[in-house]
Amino acid sequence: MDNRRVHRISEEMRREVADLVQNKLKDPRIPEFTSISYVEVTRDLSFANIGISVLGNEEEKMDALEGINSAKGFIKKELGKRLKLRQMPELIFHTDDRIEKSMEFQRFLEEVQAEDERRELDR
């Protein structure tokens with residue numbers, strides 16, 4: 001299958017899943033600050049790996065993952081209505097901590113830069 005088509009399907013699926021999680025799911029386990037960071041659909045469209053990013057501690061992340069997994073059937077049904085694919089991929093949700101890691105890295109860079117500036121002033 002054409003990689004561009006798979007990429008377009010992945011992006012459209014990411015937008016739709018994000019809309020469903022933000023606006024349609026009413027599970028109290030899913031915090032307001034839950035976002036869909038990526039969707040990677042396999043070339044044969046049989047699986048969709050979906051990364052969820054949750055602002056919070058590990059317990060809140062696991063609760064959000066449980067809440068979204070319990071709504072997997074609803075999400076898949078709604079995606080079927082919205083995307084018009086012949087076969088809807090099996091949804092596999094994962095927690096994604098890329099945003100947190102990039103924020104940590106940014107803080108680290110700022111600390112190093114501040115230390116360098118202090119050393120320059122001491123000379």
Side-chain angles (χ1 to χ4, degrees):
M1 181 169 292
D2 185 17
N3 281 337
R4 289 177 292 179
R5 181 169 185 259
V6 171
H7 181 71
R8 281 195 322 263
I9 291 170
S10 295
E11 281 303 306
E12 186 63 28
M13 189 174 272
R14 187 192 63 75
R15 279 192 291 274
E16 295 298 337
V17 171
D19 179 56
L20 288 168
V21 168
Q22 290 293 318
N23 301 319
K24 300 291 183 184
L25 297 183
K26 304 297 183 211
D27 194 319
R29 296 175 288 186
I30 303 171
E32 192 172 315
F33 298 112
T34 301
S35 62
I36 304 301
S37 54
Y38 68 88
V39 173
E40 295 172 351
V41 178
T42 57
R43 288 179 55 90
D44 62 355
L45 301 179
S46 59
F47 295 98
N49 290 303
I50 302 171
I52 63 167
S53 180
V54 179
L55 192 60
N57 60 31
E58 283 300 314
E59 185 178 337
E60 291 170 332
K61 290 178 186 179
M62 290 300 113
D63 285 347
L65 186 60
E66 284 178 24
I68 289 177
N69 274 323
S70 70
K72 190 186 291 189
F74 170 77
I75 293 170
K76 191 171 180 178
K77 183 180 78 167
E78 287 296 313
L79 285 175
K81 292 177 187 176
R82 296 178 180 200
L83 294 181
K84 307 293 186 222
L85 294 174
R86 202 174 303 151
Q87 176 184 347
M88 186 55 57
E90 182 64 35
L91 307 178
I92 303 168
F93 291 96
H94 308 275
T95 56
D96 181 26
D97 58 352
R98 288 187 233 177
I99 294 172
E100 291 174 353
K101 286 184 179 180
S102 67
M103 289 171 55
E104 287 176 23
F105 186 70
Q106 182 66 31
R107 279 194 295 269
F108 173 74
L109 289 177
E110 290 169 358
E111 289 172 10
V112 169
Q113 186 177 16
E115 182 65 30
D116 285 346
E117 290 173 0
R118 279 191 292 257
R119 286 184 183 165
E120 287 293 320
L121 290 175
D122 289 343
R123 289 184 185 182

message = Are Y38 and F33 linked, directly or through intermediate hydrophobic residues, by side-chain heavy-atom contacts shorter than 4.5 Å (ILVMFWY only)?
response = no
inquiry  = Determine whether a donor-acceptor pair (N or O, by modelled atom type, separation under 3.5 Å) exists between the side chain of N69 and the backbone of L65.
reply    = yes
ask   = Counting only heavy atoms not in E110, do more than 12 fall under 6.0 Å of its CD?
value = yes
key: H94, NE2 atom: more than 12 neighbouring heavy atoms under 6.0 Å   = yes
request  = May I ask you to test the R15-E12 pair for a side-chain heavy-atom distance under 4.5 Å?
outcome  = yes
query = Ignoring hydrogens and geometry, is there a side-chain-to-backbone donor-acceptor pair from S10 to V41 under 3.5 Å?
reply = yes
request  = Salt-bridge test for E115 and R118: reply yes if a basic N is under 4.0 Å from a carboxylate O, no otherwise.
outcome  = yes
request  = Could you walk me through whether E16 and M13 pass side-chain contact (heavy atoms from CB on, under 4.5 Å), step by step?
outcome  = CA-CA 5 Å; E16 295 298 337; M13 189 174 272; 5.8 Å; no
request  = Look at atom CE of M103 and say whether more than 12 heavy atoms of other residues, nucleotides or ligands are closer to it than 6.0 Å.
outcome  = no
ask   = So does F47 have more than 12 non-hydrogen atoms from other groups sitting under 6.0 Å from CZ?
value = no
inquiry  = Looking at K61 and D97, is there a salt bridge between them, counting it only when a charged N and a carboxylate O are closer than 4.0 Å?
reply    = no
Hydrophobic cluster membership, I9 vs L20, 4.5 Å side-chain cutoff = yes
request  = Could you please spell out the steps behind the side-chain contact (heavy atoms from CB on, under 4.5 Å) verdict for N3 and R43?
outcome  = CA-CA 7 Å; N3 281 337; R43 288 179 55 90; 2.5 Å; yes
query = Are R14 and I50 close enough that some pair of their side-chain heavy atoms sits under 4.5 Å apart?
reply = no
task = Please examine the side chains of R5 and L45, heavy atoms only from C-beta on, and report whether any two atoms are closer than 4.5 Å.
result = yes
inquiry  = Do L85 and L79 have side chains that approach each other closer than 4.5 Å (heavy atoms only, starting at C-beta)?
reply    = no
Separation between NZ of K76 and NZ of K81, rounded to the nearest 0.5 Å = 15.0 Å
request  = Spell out, as yes or no, whether a donor-acceptor pair under 3.5 Å connects the side chain of K72 to the backbone of L91.
outcome  = yes
ask   = Hey, quick one: are I68 and I92 part of the same hydrophobic cluster, counting side-chain heavy atoms closer than 4.5 Å, chains of contacts allowed?
value = no
message = What I'd like to find out is whether the side chain of I52 reaches to under 4.5 Å of the side chain of I30, using heavy atoms alone.
response = no
request  = Find the distance between CG (N49) and OG1 (T42) and round it off to the nearest 0.5 Å.
outcome  = 8.0 Å
query = So do the side chains of E32 and L55 get within less than 4.5 Å of each other, counting heavy atoms only?
reply = no
Any donor-acceptor N/O pair, Q22 side chain to T34 backbone, under 3.5 Å = yes
message = Treating E60 as the side-chain partner and N57 as the backbone partner, does any N or O pair qualify as donor plus acceptor under 3.5 Å?
response = yes
request  = Report yes if the side chains of E59 and M62 come closer than 4.5 Å at any heavy-atom pair, otherwise no.
outcome  = no
key: Working for side-chain contact (heavy atoms from CB on, under 4.5 Å), residues Q113 and L109   = CA-CA 6 Å; Q113 186 177 16; L109 289 177; over 6 Å; no
message = Could you tell me if the side chain of L25 sits less than 4.5 Å from the side chain of I75, heavy atoms only?
response = yes
ask   = Distance-only, no hydrogens or angles: does the K24 side chain make a donor-acceptor pair with backbone N or O of V21 under 3.5 Å?
value = no
